[in-house]
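Structure record follows, encoded as structure tokens.
Everything quoted here is computed from the prediction, not taken from an experiment.
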Amino acid sequence: MTSLFALVDCNNFYASCERLFNPDLIGKPIVVLSNNDGCVIARSNEAKALGIKMGAPLFEIKDLLARDGVHVFSSNYELYGDMSRRVVLTLSEYSPNVEVYSIDESFLDLGNFLHVDIQAHARAIWERVPIATGIPVAVGVAATKTLAKLANRLAKKSRKANGVLVLTDPVHVEAALKATEIGDVWGVGRQYARKLALYGVRTAYDLTRQTDSFVKRHMTIVGLRTVKELRGEPCIDLEMVPPSKQNICTSRSFGQPLIDLSDIEEALATHAVRCATKLRKQGSCASALTVFLETSRFAAPGQVYFSSRTVQLESPSASELVIMPQALGALRAIFRSGFRYKRTGIIVTGICPAGQVQQSLFEPDNRKRDSGLMDSLDTLRKRFGHSVVKYGVQGTAGKWEMQSGKLSPCYTTRLDDLIKAR
DNA sequence: TCTGGGGTCCTAGGACCC
DNA sequence: TCTGGGGTCCTAGGACCC
């Protein structure tokens with residue numbers, strides 16, 4: 001029995017989503033910005049051709065964008081998330097086993113497709129997804145997930161492949177490894193690429209030729225797994241059910257620098273509520289939380305401040321009535337006046353299933369009361385949106401809220417947005 | 001003025017225990 | 001206080017991913 005994986009990756013996903021409901025933009029350069037309109041996180045092919053770099057800060061390229069008539073969007077995760085679900089639904093027609101790896105990538109298990117023409121199957125996916133969803137994709141197929149990633153990259157790059165590459169013939173695999181720079185391998189980042197270059201390791205092929213002990217010494221056992229996968233030995237399984245998260249972090253940069261504690265409290269209270277909501281959604285409780293507060297990393301020396309504080313909870317909880325006050329207490333403890341703050345956030349840790357929580361001996365058991373209330377809040381918010389129920393401390397001023405001045409309508413998830421757009 | 005947010009895993013080193 | 005191997009737990013830091 002041989003393993004076989006397909007990696008299906010949406011082309012320029014966020015840019016493709018923006019274009020979907022705005023056909024005037026076909027053939028035009030588009031970029032999508034990070035939260036707070038900070039930097040570029042997605043580009044259409046036309047924008048790439050103009051030389052706009054991934055991660056470029058908006059303020060540095062603003063003139064260039066205007067000069068070249070690039071269409072600029074704030075990120076609209078509500079739209080992208082919904083489109084992503086539609087793509088995954090389509091993919092599930094092509095394999096019973098699908099792993100949703102990220103918002104724009106899924107792995108498909110094709111391992112037991114013995115009597116299927118894999119090339120034709122992959123091509124069918126490539127044709128079907130844009131018809132069903134409007135989103136173009138590329139498909140890479142190989143014996144391991146790491147090789148499927150590599151095949152997918154080449155499928156996009158190569159004219160001949162035209163969006164689909166099945167990499168199973170050993171001769172082709174070797175050629176593909178030789179054509180792939182080390183830094184483009186899944187699992188090899190900038191640091192490792194730099195280090196490996198010192199040893200003359202420049203391509204994926206070079207890496208497969210190193211001894212296991214060399215790889216383990218320089219890249220830990222994680223790197224060794226990558227190398228084995230490049231050699232065709234599967235080490236990374238398909239994960240159809242995402243494992244429950246061991247940390248949950250909710251944070252945002254402020255739309256403008258904040259000086260007053262009360263403004264920052266509004267932000268953190270909101271993050272704490274969202275964080276507790278995420279915790280409940282995966283059916284977990286947290287036993288500790290960490291609050292952090294920081295200025296811009298780019299502030300002048302002496303004006304940079306970063307602090308965090310961890311609080312152990314009396315007993316594990318997912319109640320915002322527990323988590324929010326504790327978080328605010330931690331924030332007040334680390335706040336120093338005189339700084340221009342840029343970001344705050346909360347991380348919950350020590351996560352356990354909600355069903356396994358041991359009650360503290362000395363605390364009144366508020367869990368029953370809280371969990372009923374939390375259920376009601378979750379239902380309300382799911383139906384009417386996050387701001388339907390808020391706490392006083394969350395405020396209404398919203399001085400912290402992020403800038404997203406170029407937000408597109410949520411065409412697929414909000415009826416009033418769709419009507420307005422028509 | 002302006003540079004994202006949310007995760008995972010591994011390792012090393014220290015504290016502490018028998 | 002030292003002798004000595006071995007184990008666990010925790011944290012900080014560093015690497016990676018999208």
Side-chain angles (χ1 to χ4, degrees), chain A residues 7 9-10 12-14 31-42 53-63 65 72-77 80-81 84 99-107 145-146 149 152-153 182-196 215-226 229 235-236 239 242-258 267 271 274-275 278-279 282 287-288 290 292 294-300 303-304 306 308 310 312 340 342-351 402-405:
Chain A
L7 175 65
D9 183 325
C10 300
N12 313 326
F13 182 55
Y14 298 167
V31 298
V32 179
L33 304 173
S34 63
N35 279 332
N36 253 325
D37 293 347
C39 58
V40 172
I41 55 168
K53 294 273 183 295
M54 189 71 168
L58 178 61
F59 74 94
E60 275 179 13
I61 59 167
K62 221 167 188 165
D63 296 341
L65 294 178
V72 180
F73 292 93
S74 305
S75 27
N76 182 346
Y77 287 103
Y80 311 151
S84 175
E99 171 186 338
V100 180
Y101 176 67
S102 75
I103 196 165
D104 67 337
E105 285 175 59
S106 292
F107 285 103
K145 287 168 96 175
T146 306
K149 282 282 266 189
N152 184 285
R153 242 190 105 259
I182 190 72
D184 291 329
V185 172
W186 188 41
V188 180
R190 267 223 307 275
Q191 300 303 320
Y192 284 152
R194 218 180 32 171
K195 191 152 131 188
L196 289 167
V215 175
K216 195 171 170 196
R217 189 162 66 244
H218 290 104
M219 306 170 70
T220 81
I221 61 166
V222 180
L224 185 55
R225 215 161 51 193
T226 296
E229 285 238 325
C235 301
I236 308 173
E239 280 181 352
S244 68
K245 296 187 196 319
Q246 297 172 37
N247 309 294
I248 295 173
C249 172
T250 307
S251 108
R252 289 283 179 285
S253 294
F254 307 135
Q256 54 181 324
L258 295 182
H271 299 337
R274 296 217 54 176
C275 194
K278 291 184 199 173
L279 205 48
Q282 79 162 24
S287 51
T290 300
F292 60 88
E294 58 195 59
T295 60
S296 167
R297 299 194 301 284
F298 305 97
Q303 293 172 31
V304 176
F306 180 102
S308 68
T310 300
Q312 299 290 328
R340 291 160 54 81
K342 198 59 188 135
R343 195 157 86 110
T344 189
I346 173 173
I347 309 166
V348 290
T349 53
I351 287 177
M402 60 184 189
Q403 298 176 15
S404 50

Please report the distance separating the C1' of C:dG4 from the corresponding atom of B:dC16, rounded so that it comes out in whole Å.
16 Å
Measure from the side chain of A:R343, starting at C-beta and using heavy atoms only, and say which of B:dG4, B:dG5, B:dC9 lies closest.
B:dG5
Pairwise C1' distance, C:dA15 and B:dT1 [rounded to whole Å]
33 Å
Check the distance between B:dT8's C1' and A:Q282's CD and give it to me in whole angstrom.
14 Å
Taking only N and O in the side chain of A:R252, is any of them less than 4.0 Å away from OP1 or OP2 of B:dG6?
yes
Nearest-Å distance for atom pair CZ/P, residues A:F292 and B:dG6:
8 Å
Quick one: is B:dT3 close enough that its OP1 or OP2 comes under 4.0 Å of any side-chain N or O from A:N36?
no
Which of C:dC17, B:dG5, B:dT3 is nearest the side chain of A:N35? It is B:dG5
A:E294 side chain to A:F306 main-chain N or O, any donor-acceptor pair under 3.5 Å?
no
Choosing from B:dT8, B:dC10, C:dC16, which nucleotide comes nearest the side chain of A:I221?
B:dC10
Side-chain N or O of A:S253 versus OP1/OP2 of B:dG5: is the shortest distance under 4.0 Å?
yes
Backbone of A:G405 reached by a side-chain donor or acceptor of A:D37 within 3.5 Å:
yes
When you measure from the side-chain N and O atoms of A:S75 to the phosphate of B:dG4, is any distance below 4.0 Å, counting only OP1 and OP2?
no
Who is the Watson-Crick or G-U wobble partner of C:dT8, with both distances under 3.5 Å?
B:dA15
A:I347 has an atom CD1; how far is it from atom P of B:dG7, in whole Å?
9 Å
Gap between atoms OH and P, on A:Y80 and B:dG6 respectively (whole Å)
16 Å
More than 12 heavy atoms of other residues, nucleotides or ligands under 6.0 Å from CZ of A:R340: is that the case?
no
Greater than 12 external heavy atoms within 6.0 Å of A:K216's NZ:
no
Starting from P on B:dC2, measure out to NZ on A:K342 and report it in whole angstrom.
7 Å
Let me know the distance between CD of A:Q246 and P of B:dC10, rounded to the nearest Å.
10 Å
Please check if the side chain of A:Q403 supplies one atom and the backbone of A:G255 the other of a donor-acceptor pair under 3.5 Å.
yes
